[in-house]
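These notes concern the structure reproduced below.
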Amino acid sequence: RCQNFPGLVAGCTIDWFFSWPNEALLAVAEHVLLNVQLPEDKKSSINDIIGFVHLSVVSRFSPEFEAKYKRRNFATPKNFLDFLASYMRFLEQHRKNLDMMSTRL
């Protein structure tokens with residue numbers, strides 16, 4: 001039937017996105033950042049703040065965005081994994097930049 005009436009599918013939104021609990025976010029962040037060179041005393045704080053940022057998008061900023069712009073925004077587990085990958089890329093780029101600047105001195 002969908003082939004006969006493609007407009008039915010094109011106009012539908014299925015809301016199956018559930019937010020991950022904080023414990024799951026922390027476990028994933030710990031696993032992904034396990035091989036990243038970070039100070040041992042700061043690792044748990046970094047994992048906590050990464051989870052907090054993702055949960056704040058889900059619980060605070062997405063409802064504000066929907067109220068203001070009348071559009072829904074979803075923060076999925078894939079977004080969290082992309083956020084972790086971006087953090088690792090950002091960290092590596094800035095470490096290279098700092099190394100390059102320190103060799104100039």
Side-chain angles (χ1 to χ4, degrees):
R1 286 216 119 174
C2 290
Q3 292 175 346
N4 293 336
F5 305 103
L8 290 175
V9 175
C12 294
T13 301
I14 300 173
D15 185 6
W16 284 349
F17 298 109
F18 299 105
S19 61
W20 279 1
N22 194 35
E23 296 82 21
L25 294 173
L26 291 177
V28 170
E30 286 175 11
H31 179 73
V32 171
L33 298 175
L34 187 65
N35 296 329
V36 177
Q37 184 181 0
L38 296 170
E40 287 300 321
D41 59 331
K42 303 291 183 198
K43 274 190 178 185
S44 65
S45 299
I46 291 170
N47 291 335
D48 289 341
I49 195 69
I50 286 174
F52 173 76
V53 167
H54 183 74
L55 285 178
S56 66
V57 168
V58 172
S59 63
R60 180 175 168 205
F61 296 112
S62 287
E64 287 179 13
F65 183 84
E66 184 178 2
K68 185 174 183 179
Y69 296 110
K70 308 292 188 258
R71 294 181 57 206
R72 301 219 39 195
N73 178 35
F74 298 102
T76 64
K78 173 70 170 125
N79 296 126
F80 182 69
L81 295 174
D82 290 340
F83 177 51
L84 286 171
S86 296
Y87 173 76
M88 291 188 303
R89 251 190 335 269
F90 177 81
L91 187 63
E92 185 175 333
Q93 287 173 352
H94 283 278
R95 283 183 176 168
K96 285 180 183 177
N97 189 19
L98 285 173
D99 288 343
M100 186 181 65
M101 293 169 96
S102 66
T103 57
R104 286 184 176 178
L105 295 175

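Any value given below was found using the heavy atoms of this structure, including those in side chains, with hydrogens, waters and symmetry copies removed. Nothing here was measured: the structure is a model prediction, and the numbers come from that model.
Using a 4.5 Å heavy-atom threshold, the side chains of L91 and L38 count as touching. Put simply, the side chain of I46 reaches to within 4.5 Å of the side chain of Y87, judged on heavy atoms. Counting heavy atoms from C-beta on, the side chains of F74 and V58 never come closer than 4.5 Å. Taking 4.5 Å as the limit, some side-chain heavy atom of M88 sits within range of a side-chain heavy atom of V32. Under the 4.5 Å side-chain criterion, counting only non-hydrogen atoms from C-beta, L25 is not in contact with F52.
Taking each heavy atom of V28 and W20 in turn, the nearest pair found is CG2-CZ3, 3.7 Å. Among all heavy-atom pairs drawn from P63 and S59, the shortest one is CG-O, 3.5 Å.
With respect to the salt-bridge test (charged N to carboxylate O, under 4.0 angstrom), the residues K78 and D82 qualify. One finds no salt bridge joining E64 and K68 here, because no Lys/Arg side-chain nitrogen approaches an Asp/Glu carboxylate oxygen to under 4.0 Å. Salt bridge E40/K43: present, at least one basic N to carboxylate O contact under 4.0 Å.
For the atom pair CD1 (I49) and OG (S44), the distance works out to 11.5 Å, reported to the nearest 0.5 Å. Atom CD of E30 and atom CD1 of I50 lie 11.0 Å apart (nearest 0.5 Å). Here the CG-NE2 distance, from L26 to H54, works out to 11.5 Å after rounding to the nearest 0.5 Å.
T76 and N79 are linked by a side-chain donor-acceptor pair at a separation below 3.5 angstrom, with hydrogens and angles left out of the test.
Linking Ile, Leu, Val, Met, Phe, Trp and Tyr residues whenever their side-chain heavy atoms come within less than 4.5 Å leaves F83 and F61 in two separate clusters.
Partners of S86 according to the side-chain hydrogen bond (donor to acceptor under 3.5 Å, both in side chains) rule, which considers only residues two or more places apart in sequence or in another chain, are R89. F65 is linked by a ring pair (Phe, Tyr, Trp, His ring centres under 6.0 Å) to Y69, counting only residues two or more places apart in sequence or in another chain.
Between the S62 side chain and the V57 main chain, a donor and an acceptor come within less than 3.5 Å of each other.
The environment of CE in M100 is crowded: more than 12 heavy-atom neighbours from other residues, nucleotides or ligands sit within 6.0 Å. When the shell of 6.0 Å around CD of E66 is examined, it contains more than 12 heavy atoms from other residues, nucleotides or ligands.
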